Asks: 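I'd like to ask some things about the structure below.
Just so it is clear, the structure is predicted and the values come from calculations on it, not from any experiment. Just so you know, these numbers use all the heavy atoms, side chains as well, and skip hydrogens, waters and symmetry mates.
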Amino acid sequence: MTSSTTSSTSSTSSTSSMSWTAPAARTGSPAAASLPLAGRVAVVTGATAGIGAATGRRLALLGARVALMGRRESRLVELADELRSSGGQALPVAVDVTDPQALSRAADSVRSELGRVDLVVANAGVMLGSPFEDADTAEWDRMIDVNLRGLIHTGRVFADDLLTAAEHGPADLVHVGSVAGHLLYPNWSVYSATKAAVAHLTRNLRAEFGPRDVRVHNIEPGVTATELGDDMSDERMREGLAQMRRDLRPLSADDLAHAVAFAVSAPANVNVADMAVVSVRQG
């Protein structure tokens, strides 16, 4: 049921980015040109850890210039440095996706440093479970703000980029949802509701954007070993999640990064529209 990875436990409304320079060894080389995502500009939210960090690594490895977005700036800088040291191209951008104005400034920064965006992975999310009658309603608000509002605003701020990019080549909007959006998980009702909303939003955006050649994907992870859920206030739910992960031999963040890369590397007229990705034991 684990899906995306939250970008932080402490927020900031400001936006900051580090100056970016393309590594000369990679830029324009024949090897770089042959990579499946060469020439593309990607944005990954929730890139400080888990699925987001792994996806940023994978997209950079495949040749994309990657903007890494999240709230923990030190982690973003560390990841960007790691990618650059191995020949990748990355820009750390500290931003809270629940702040539309900060997100708009972040988008401007990405365009200024990397160029027009043609690949967006809206991954930032939180997963906070509790019996409905005992829940801390502030945790409900947080999930709705990050999992739904943040995802919607991420797509909105880059919509014009994607529509323009689609006139010349592939353009992808990837939502990281969850199998919880259509399966039953007692005590995870509000989390599941946010992911069901993501699934239906994706279907409707596909109907809007597909005729204009933008591919809209919903990648739905099953149980995945990340830090997601570690900050739940309900200790019983934290223990239950840990046990679920022990029992099911969960997916890794890298497994999901490969799934995202597969979807966005498909031929331009192929849309891997919905992908449920689960471990063998979860089935």
Side-chain angles (χ1 to χ4, degrees), residues 2-12 15-18 20 23 35 37 40-98 103 106 109-110 113-114 117 119-127 146-147 150-151 154 158 172 174-178 217 219-231 245 250-265 275 277 279:
T2 303
S3 69
S4 53
T5 302
T6 183
S7 51
S8 180
T9 55
S10 62
S11 66
T12 175
T15 303
S16 62
S17 63
M18 308 297 290
W20 171 87
L35 293 170
L37 298 181
R40 301 196 63 182
V41 176
V43 169
V44 182
T45 67
T48 57
I51 294 170
T55 299
R57 286 190 187 95
R58 186 67 187 165
L59 299 182
L61 179 66
L62 296 179
R65 302 193 297 276
V66 183
L68 305 165
M69 289 190 174
R71 290 191 291 183
R72 289 172 285 190
E73 186 171 22
S74 61
R75 288 198 180 191
L76 298 174
V77 171
E78 182 180 354
L79 177 56
D81 288 345
E82 172 196 324
L83 298 181
R84 291 168 184 156
S85 68
S86 60
Q89 305 177 38
L91 175 72
V93 183
V95 65
D96 180 349
V97 298
T98 68
L103 193 55
S109 177
V110 173
E113 294 283 349
L114 302 183
V117 172
L119 199 175
V120 176
V121 182
N123 163 76
V126 291
M127 185 175 75
V146 178
N147 298 359
L151 178 139
T154 298
F158 291 110
D172 295 274
V174 181
H175 292 156
V176 179
S178 171
H217 318 264
I219 309 297
E220 297 186 321
V223 177
T224 307
T226 70
E227 65 182 33
L228 199 65
D230 289 354
D231 53 346
R245 286 170 170 158
L251 300 171
S252 70
D254 286 338
D255 294 330
L256 272 302
H258 278 268
V260 172
F262 172 81
V264 301
S265 299
M275 184 191 299
V277 186
S279 69

Asks: Considering residues at least two apart in sequence or located in another chain, which fulfil the side chain to side chain donor-acceptor pair (under 3.5 Å) criterion with E82?
Replies: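 Here the qualifying residues are R57.
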
Asks: Under the side-chain contact (heavy atoms from CB on, under 4.5 Å) rule, what do L76 and V93 come out as? Steps first, then yes or no, please.
Replies: CA-CA 7 Å; L76 298 174; V93 183; 5.7 Å; no

Asks: Please give me the minimum heavy-atom distance between G63 and L35, naming the atom from each residue.
Replies: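 So the two residues come closest at CA-CD1, 3.7 Å.
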
Asks: Quick one: list whatever passes side chain to side chain donor-acceptor pair (under 3.5 Å) with T98, sequence neighbours left out.
Replies: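 Per chain and number, T98 pairs via side chain to side chain donor-acceptor pair (under 3.5 Å) with D96.
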
Asks: I'd like to know if the side chain of T224 reaches the main chain of T226, judged simply by a donor and an acceptor atom lying under 3.5 Å from each other, with no hydrogens or angles considered.
Replies: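 Such a contact is absent between T224 side chain and T226 backbone.
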
Asks: Of all the heavy-atom pairs spanning I51 and P221, show the shortest one and how long it is.
Replies: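 Closest approach of I51 to P221: CD1-CG, 4.2 Å.
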
Asks: For V41, enumerate each residue passing the side-chain contact (heavy atoms from CB on, under 4.5 Å) test, keeping only those at least two apart in sequence or located in another chain.
Replies: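 V41 satisfies side-chain contact (heavy atoms from CB on, under 4.5 Å) with R65, L114, V117 once adjacent residues are dropped.
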
Asks: For a 4.5 angstrom cut-off between non-hydrogen side-chain atoms, does L79 reach R75?
Replies: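 No, too far: nothing below the 4.5 Å cut-off.
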
Asks: What pair of heavy atoms forms the shortest contact from S265 to L37, and how long is it?
Replies: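 Looks like OG-CD2, 3.8 Å.
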
Asks: When rounded to the nearest 0.5 angstrom, what is the spacing between OG1 in T55 and CG in L68?
Replies: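 The distance works out to 10.5 Å.
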
Asks: For R40, what residues pass the salt bridge (Lys or Arg N to Asp or Glu O under 4.0 Å) criterion, not counting sequence neighbours?
Replies: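 With neighbours one apart ignored, the set is D118, D172.
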
Asks: What's the shortest heavy-atom distance between T48 and G70, and which atoms?
Replies: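 That closest heavy-atom pairing would be CG2-CA, 4.0 Å.
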
Asks: Using every non-hydrogen atom in the two residues, find where N123 and T45 come nearest and quote the distance to one decimal.
Replies: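 Closest pair (atom of N123, atom of T45, distance): N-OG1, 2.8 Å.
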
Asks: I want to check something: taking the side chain as every heavy atom from C-beta on, are V264 and L59 in contact at a cut-off of under 4.5 Å?
Replies: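 Side-chain contact under 4.5 Å: yes.
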
Asks: Is there side-chain contact between M69 and V110, with at least one heavy-atom pair below 4.5 Å?
Replies: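 The answer is yes; the side chains approach within 4.5 Å.
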
Asks: Please table the atom pairs, donor to acceptor, closer than 3.5 Å between any side-chain atom in residues 250-263 and protein atoms at least two apart or in another chain.
Replies:
from: S252; atom 1: OG; to: D254; atom 2: N; distance (Å): 3.4
from: S252; atom 1: OG; to: D255; atom 2: N; distance (Å): 3.1
from: S252; atom 1: OG; to: D255; atom 2: OD1; distance (Å): 3.4
from: S252; atom 1: OG; to: D255; atom 2: OD2; distance (Å): 3.2
from: D255; atom 1: OD2; to: S252; atom 2: N; distance (Å): 2.8

Asks: Evaluate the side-chain proximity of T154 to L103: yes if any heavy-atom separation is below 4.5 Å, no if none is.
Replies: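 When only atoms from C-beta onward are counted, T154 and L103 do touch, with a gap below 4.5 Å.
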
Asks: Holding to salt bridge (Lys or Arg N to Asp or Glu O under 4.0 Å), I want the full list of residues that pass it with D81, two or more places apart in sequence or in another chain.
Replies: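 By the salt bridge (Lys or Arg N to Asp or Glu O under 4.0 Å) rule, D81 matches R84.
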
